[in-house]
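Working notes for the structure below.
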Amino acid sequence: QVQLVESGGGLVQAGGSLRLSCAAPGRTFSNYAMGWFRQAPGKEREFVAAISRNTGNTNYADSVKGRFTISRDNAKNTVYLQMNSLKPEDSAVYFCAAGMIPTTNSGSYRNWGQGTQVTVSS
């Protein structure tokens with residue numbers, strides 16, 4: 001079990017940037033692949049990005065490819081999501097999750113944070 005705490009959400013204008021952080025206190029962080037998902041009101045939770053334990057492999061949803069970057073710092077037990085060129089359709093609650101493989105399938109992740117709101121105004 002790993003506790004996850006997201007931060008960095010907020011209100012930004014279209015075209016702007018935000019960086020989300022997900023802290024995972026404890027020595028087991030490097031044992032987990034990490035993912036970011038998002039959920040807008042009335043919609044299903046959807047995959048955004050994932051990164052493997054050793055940072056060698058990343059995976060992105062087509063809708064964010066080229067705009068978002070996932071990274072991790074195992075020394076700080078933190079995973080990041082840098083979001084550039086934000087669009088109003090990126091507005092959602094963003095969740096980080098820990099699992100064994102960097103999959104797009106939310107059911108494969110065992111641990112979830114509480115979420116952080118991102119709102120992009122047009």
Side-chain angles (χ1 to χ4, degrees):
Q1 190 92 10
V2 57
Q3 182 182 3
L4 303 173
V5 180
E6 301 100 334
S7 61
L11 173 64
V12 64
Q13 288 189 333
S17 298
L18 282 175
R19 188 176 80 157
L20 305 183
S21 299
C22 174
R27 294 176 292 176
T28 61
F29 177 76
S30 61
N31 292 338
Y32 292 90
M34 300 297 295
W36 285 97
F37 290 77
R38 66 187 182 187
Q39 188 167 18
K43 294 189 176 182
E44 299 276 328
R45 186 170 297 188
E46 65 174 359
F47 169 77
V48 176
I51 189 166
S52 64
R53 288 175 283 181
N54 60 8
T55 77
N57 295 312
T58 57
N59 191 10
Y60 295 93
D62 288 342
S63 58
V64 306
K65 204 171 291 184
R67 300 187 298 122
F68 291 12
T69 302
I70 187 171
S71 62
R72 68 189 296 162
D73 186 337
N74 286 344
K76 294 183 178 180
N77 291 342
T78 303
V79 62
Y80 304 97
L81 185 68
Q82 178 66 44
M83 305 186 295
N84 299 328
S85 302
L86 282 161
K87 305 174 181 180
E89 52 264 42
D90 294 318
S91 297
V93 177
Y94 282 70
F95 300 88
C96 70
M100 300 312 296
I101 56 174
T103 177
T104 62
N105 181 5
S106 62
S108 297
Y109 291 85
R110 301 178 180 177
N111 301 283
W112 292 81
Q114 81 289 349
T116 185
Q117 177 72 48
V118 171
T119 303
V120 184
S121 63
S122 57

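Owing to the predicted nature of the structure, the values given are computational and were not obtained by experimental measurement. Side chains included, hydrogens not; waters and symmetry mates left out as well; all remaining heavy atoms used.
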Practice task
Quick one: closest heavy-atom pair of Ser122 and Ala14, and the distance?
Solution key: CA-CB, 4.3 Å
Exercise for the section: Search all heavy atoms of Ser108 against all heavy atoms of Thr103 and return the closest pair with its distance. Expected result: CB-CG2, 3.3 Å
Gap between atom [atom2] of [Y] and atom [atom1] of [X] - 0.5 Å precision:
{"X": "Tyr94", "Y": "Gln39", "atom1": "OH", "atom2": "CD", "value": "12.0 Å"}
{"X": "Tyr60", "Y": "Ile51", "atom1": "OH", "atom2": "CD1", "value": "7.0 Å"}
{"X": "Leu81", "Y": "Leu18", "atom1": "CG", "atom2": "CG", "value": "9.5 Å"}
{"X": "Asn111", "Y": "Met34", "atom1": "CG", "atom2": "CE", "value": "8.5 Å"}

[X] side-chain N/O to [Y] backbone N/O, donor-acceptor pair under 3.5 Å:
{"X": "Ser91", "Y": "Val120", "result": "yes"}
{"X": "Ser52", "Y": "Asn57", "result": "yes"}
{"X": "Tyr109", "Y": "Cys96", "result": "no"}
{"X": "Glu6", "Y": "Gln114", "result": "yes"}

Handout entry: Flag if over 12 foreign heavy atoms under 6.0 Å of CD, Gln3
Key = no
Handout entry: Heavy-atom neighbours of Lys43 NZ exceed 12 at 6.0 Å
Key = no
Exercise for the section: Could you tell me whether Lys87 and Asp90 make a salt bridge, using a distance below 4.0 angstrom between a side-chain N and a carboxylate O? Expected result: no
Practice task
Establish, yes or no, whether the cationic atom of Arg110 lies under 6.0 Å from the six-membered ring centre of Tyr32 and within 45° of the ring axis.
Solution key: no
Problem - Cation-pi geometry met for Arg45 and Phe37 (6.0 Å, 45°) - result: no
Completion exercise
Between Val118 and the options Leu11, Leu20, Val93, the side chain to side chain contact (heavy atoms under 4.5 Å, CB included) test singles out Leu20
Practice task
Taking the side chain as every heavy atom from C-beta outward, state whether Val64 and Arg38 have any atom pair closer than 4.5 Å.
Solution key: yes
